[in-house]
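Computed from a prediction, not measured in an experiment: that's the story for all the values here. Order of the sequence lines fixes the chain letters, A, B, ..., with proteins taken first and strands second; residue numbering starts at 1 for each chain.
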Amino acid sequence: MYRTHNCGELRMANVGEEVTLSGWIQGSRDLGFMMYTDLRDRYGITQLIFTEENTTKEVFESARTLGREYVVKVKGTVLERKSKNPNIPTGDIEIDVNDLEILNASKVPPFTIEDDTDGGDELRMKYRYLDLRRKPVQENLIFRSRVAVETRSYLSQAGFIEVETPVLIKSTPEGARDFVVPSRMNKGQFYALPQSPQTFKQILMVGGFDKYFQLVKCFRDEDLRADRQPEFTQIDCEMSFVTQEEILNTFEGLTRYLFKTCKGLDLPEFPRMTYDEAMEKYGSDKPDTRFGMEFHNLNGVAKGKGFPVFDSAELVAGINAEGQADNYSNKDIKKLTEWMQRPQIGAKGLVYVKFNTDGSIKSSVGKFYSDDDLKAWGEEFGAKPGDMLLILSGEEEKTRKQLNELRLEMGERMGLRNPQEFKPLWVVDFPLLEWDEDTERFHAMHHPFTSPKKEDVERMMNGDHETMKALRADAYDLVINGVEIGGGSIRIHDRDLQSRNFDLLGFTREEAMAQFGFLLGAFEYGAPPHGGLAFGFDRLCAVMMGQNTIRDFIAFPKNNQGRDMMIDAPSPIHDEQLDELCLGIHLPKEA
RNA sequence: GGUAGCGUAGUUCAAUCAGGCAGAGCAGGGGAUUGUCUAUCCUCAAGUUGCGGGUUCGAUUCCCGUCGUUACCGCCA
């Protein structure tokens with residue numbers, strides 16, 4: 001028997017017991033006449049003690065040969081410690097070892113297996129099996145498991161059926177780039193890995209499974225970020241005979257349940273905000289509502305006073321950094337301005353107005369505006385003495401985007417983005433279509449099966465080009481703390497409306513039939529009204545734990561270049577494999 | 001595809017600004033140590049400064065290229 005207990009469970013109550021433990025050597029502290037060794041497994045750390053008095057010479061000498069990460073089995077007696085360690089649960093006891101068996105030696109690991117490791121990202125990924133031994137990574141994966149279990153529990157309880165959908169499917173032109181898989185039996189043809197099980201879950205609705213869910217891997221061949229992996233997991237759901245309202249309530253319920261059971265937290269309200277309002281007040285379709293600092297439009301009070309930059313701008317708008325007037329010297333503001341002018345943000349400049357606590361007003365555009373003018377601005381914001389307005393101007397969409405970055409940065413600097421606080425938000429009424437200037441065609445903002453709002457259907461069937469830009473969809477996103485957790489929509493279940501949507505998206509009838517004929521076909525056999533949503537499962541876990549990278553919630557993640565550093569994938573394949581698939585490699589020529 | 005940063009001992013970093021013997025913490029080896037707990041003290045070892053080229057009497061440092069990596073922008077229905 002390798003163990004009678006794990007390394008995290010022995011307490012004072014066990015004193016005197018003969019126990020057997022197995023685990024990894026965390027480290028040793030050799031005091032000469034006696035030696036302490038920490039034995040670790042995923043449950044905790046238990047201290048082993050070897051002394052000249054009580055330990056046989058053979059065992060003691062063997063113990064001195066133990067290196068970090070050796071795997072051992074020990075037998076011994078649980079003792080009460082003379083000096084206790086209040087920092088760990090097993091800190092009151094130690095094991096007086098009388099038998100030590102080295103199960104496996106270990107090379108010296110390339111980084112320390114500690115909570116605060118000295119290992120960089122690259123090493124940690126290459127030696128992921130060592131990184132996985134670290135407590136923070138284990139805690140994240142255990143948390144993820146918990147969230148998965150509770151998700152299944154909640155949705156099953158609510159009558160949802162978990163159905164698996166295929167991973168080898170068909171490439172579709174819309175959306176992200178597909179990962180493709182060559183077919184040996186169908187030479188020259190390819191499967192694609194699903195970007196999401198979208199069409200399958202809709203088919204399941206036609207098939208009568210009126211409540212479907214799945215924890216499912218999705219694949220998108222796009223460039224990566226800290227919160228984006230080429231393969232990721234969704235909580236994918238679809239329901240029949242429901243309105244948007246019922247869907248939002250169902251998944252608000254799921255979200256509340258997950259926070260309650262996995263974090264012990266009761267979430268506050270799930271307010272609703274239209275896409276237009278989010279863009280206007282926050283310049284983002286995923287605003288962080290842990291803090292206010294909403295945009296205020298200054299077109300009315302700032303234009304027509306002779307400041308050419310503002311006069312020629314489509315939008316003049318700003319935020320109020322409350323109480324920051326004294327915290328920002330001219331130098332600080334210059335730095336902030338330079339930060340805003342980085343190519344990633346691309347602001348032309350930044351105007352400030354300080355309402356100093358002594359009642360004076362200071363502004364970078366004081367030359368053009370009287371104190372009374374500036375006071376009028378302050379009134380727009382409800383600014384108090386000590387507040388500082390930060391104002392941008394320019395083309396409307398760009399300015400909003402830049403102001404969003406500024407707002408988030410100021411929120412960060414002012415400590416308003418508390419990782420322990422959770423503010424959910426439904427953003428609703430997304431536009432149905434997005435006009436792409438480059439390709440001169442419409443894209444589906446959500447996906448091509450999204451239904452326009454009922455009141456917009458008539459206009460969609462008959463309207464002109466400009467009308468199409470203004471169509472709203474029954475599409476919604478759940479945002480928590482400025483992170484898009486997931487989204488969904490009511491789907492089109494009518495074949496004619498779906499055809500019209502394909503028309504607008506620039507599909508010919510033939511293309512639509514070739515790509516989605518199976519779905520259009522299904523819609524001719526009594527498709528129920530349906531809708532659904534999907535949550536990014538990895539992201540949800542990260543947000544719940546207040547972290548902004550999803551990598552440590554995935555056991556074997558890929559790096560920025562989409563490489564698995566541990567197994568070193570992707571990799572070339574043998575010529576025989578290529579031949580079998582009738583594939584040739586044509587690398588791009590060097591420039 | 002782009003922008004920015006990083007690449008130096010097993011590892012995390014310093015030295016690079018202004019070219020002149022490449023240094024520290026941790027990890028590792030050896031020793032000491034009567035209650036440690038990421039022990040402490042002494043000591044030893046550890047380097048193709050990512051790679052290639054250029055400038056220079058001399059390059060870790062400056063320049064060009066390249067590769068790797070991170071964050072972000074584009075992209076991600």
### Task
Consider only side-chain N and O atoms of Asp178(A) and Ser171(A), and report whether a donor and an acceptor are under 3.5 Å apart.
yes

### Query
How is the base pairing of RNA chain B summarised as a dot-bracket string, given the Watson-Crick and G-U wobble criteria with both distances under 3.5 Å, [ ] for crossing and | for another strand?
(((((((..((((......[..)))).(((((.......))))).....(((((..]....))))))))))))....

### Query
For atom P, what is the distance between rG31(B) and rU69(B), given to the nearest Å?
42 Å

### Query
Rounding to the closest angstrom, what is the interatomic distance between rA14(B) and rC57(B) at atom C1'?
28 Å

### Message
Between Asp30(A) and Tyr36(A), is the side chain to side chain donor-acceptor pair (under 3.5 Å) condition met? List the steps.
### Response
CA-CA 6 Å; Asp30(A) 189 343; Tyr36(A) 302 103; over 6 Å; no

### Task
Looking at every strand, decide which applies to Ser196(A) at a 4.0 Å heavy-atom threshold: base, sugar-phosphate, or nothing.
base

### Query
Touch check for Ile88(A), heavy atoms < 4.0 angstrom, all strands: base, sugar-phosphate only, or nothing?
nothing

### Task
Please confirm whether Arg64(A) makes a cation-pi placement over Phe60(A), using NZ or CZ under 6.0 Å from the six-membered ring centre and within 45° of the ring normal.
yes

### Query
Atom CD of Glu94(A) to atom P of rG35(B): distance rounded to whole Å?
13 Å

### Ring centre gap for Phe449(A) and Phe516(A) strictly below 6.0 Å
yes

### Query
When we call it a touch if two heavy atoms are under 4.0 Å apart, what does Gly120(A) touch: a base, just sugar-phosphate, or nothing?
sugar-phosphate

### Query
Distance check: side-chain N/O of Lys401(A) vs OP1/OP2 of rG74(B), anything under 4.0 Å?
yes

### Task
Round to the nearest Å and state the distance from Glu80(A) atom CD to rG35(B) atom P.
18 Å

## Note on the structure
Per atom distances to the Met34(A) side chain, the nearest of rG1(B), rC76(B), rG35(B) is rG35(B)

### Query
Judged by atom type as modelled, is there a donor-acceptor pair below 3.5 Å linking the side chain of Tyr476(A) to the main-chain atoms of Ser489(A)?
yes

### Query
Distance between the C1' atoms of rC17(B) and rG52(B), in whole angstroms?
26 Å

### Query
Starting at CZ of Arg29(A) and ending at P of rG35(B), how long is that distance when rounded to a whole Å?
14 Å

#### Entry: 5'-most by nearest nucleotide on RNA chain B - Pro110(A) or Arg539(A)
Pro110(A)

### Query
Going by atom types alone, do Asn559(A) and Glu122(A) pair a side-chain donor with an acceptor below 3.5 Å?
no

### Pro343(A), nearest nucleotide to its side chain (from rU3(B), rU11(B), rG35(B))
rU3(B)

Which protein N or O atoms sit under 3.5 Å from an N or O of nucleotides 25-30 of chain B?
from	atom 1	to	atom 2	distance (Å)
rA27(B)	O3'	Arg68(A)	NH1	2.8
rA27(B)	O2'	Arg68(A)	NH1	2.6

### Query
Taking atom P of rU40(B) as reference, at what distance in whole Å does atom OH of Tyr36(A) sit?
15 Å

#### Entry: Whole angstrom value for the distance that separates C1' of rC76(B) from CD1 of Ile550(A)
12 Å

### Query
Given the P atoms of rG2(B) and rG58(B), what is the spacing between them in whole Å?
35 Å

### Query
Relative to each other, are the rings of Trp435(A) and His465(A) parallel, tilted or perpendicular (30° and 60° limits)?
perpendicular

### Query
If you measure from the Lys or Arg side-chain nitrogens to the Asp or Glu carboxylate oxygens, is any gap between Asp429(A) and Arg472(A) under 4.0 Å?
no

### Query
For atom P, what is the distance between rU38(B) and rU33(B), given to the nearest Å?
23 Å

### Query
Hey, does the side chain of Asp494(A) reach the backbone of Asp496(A) with a donor-acceptor pair shorter than 3.5 angstrom?
yes

### Task
For rU60(B) and rA22(B), measure between their P atoms and round to the nearest Å.
9 Å

### Message
When you compare the side chains of Gln47(A) and Thr90(A), does any donor N or O come within less than 3.5 Å of an acceptor on the partner?
### Response
no

### Summary
Separation of rG35(B) atom P from Ile95(A) atom CD1, nearest Å, is 21 Å

### Message
Under 4.0 Å between a side-chain nitrogen and a carboxylate oxygen: does that hold for Glu409(A) and Arg413(A)?
### Response
yes

### Task
Over 60° means perpendicular and under 30° means parallel, so classify the ring planes of Phe430(A) and Tyr275(A), tilted if in between.
tilted

### Message
Expressed as a whole number of angstroms, how long is the span from Leu79(A):CG to rG35(B):P?
### Response
17 Å

### Query
So Ser196(A) and Gln234(A), side chain to side chain donor-acceptor pair (under 3.5 Å) or not? Walk me through it.
CA-CA 8 Å; Ser196(A) 85; Gln234(A) 284 189 343; 4.9 Å; no

### Message
If I pick the P atom on rA71(B) and the same atom on rU34(B), what distance separates them, to the nearest angstrom?
### Response
49 Å

### Task
Pick the C1' atom in rC13(B) and in rU55(B), then give their distance to the nearest Å.
29 Å

### Whole angstrom value for the distance that separates C1' of rG50(B) from NZ of Lys126(A)
14 Å

### Query
Is there a donor N/O on one and an acceptor N/O on the other, under 3.5 Å, for the side chain of Arg220(A) and the base of rC76(B)?
no

### Message
Can you see whether Gln198(A) engages Gln202(A) through a side-chain donor-acceptor pair at a distance of less than 3.5 angstrom?
### Response
yes

### Query
Is Gln198(A) touching bases, backbone alone, or none of the nucleic acid, heavy atoms closer than 4.0 Å?
base

### Task
Look at the side chain of Arg81(A) against the base of rU36(B) and say whether a donor-acceptor pair falls under 3.5 Å; ignore hydrogens and angles.
yes

### Query
For nucleotides 67-72 of chain B, read 5' to 3', which letter fits each nucleotide if B means a protein heavy atom sits under 4.0 Å from the base, S means only the sugar-phosphate is that close, and - means neither?
-SSBBB

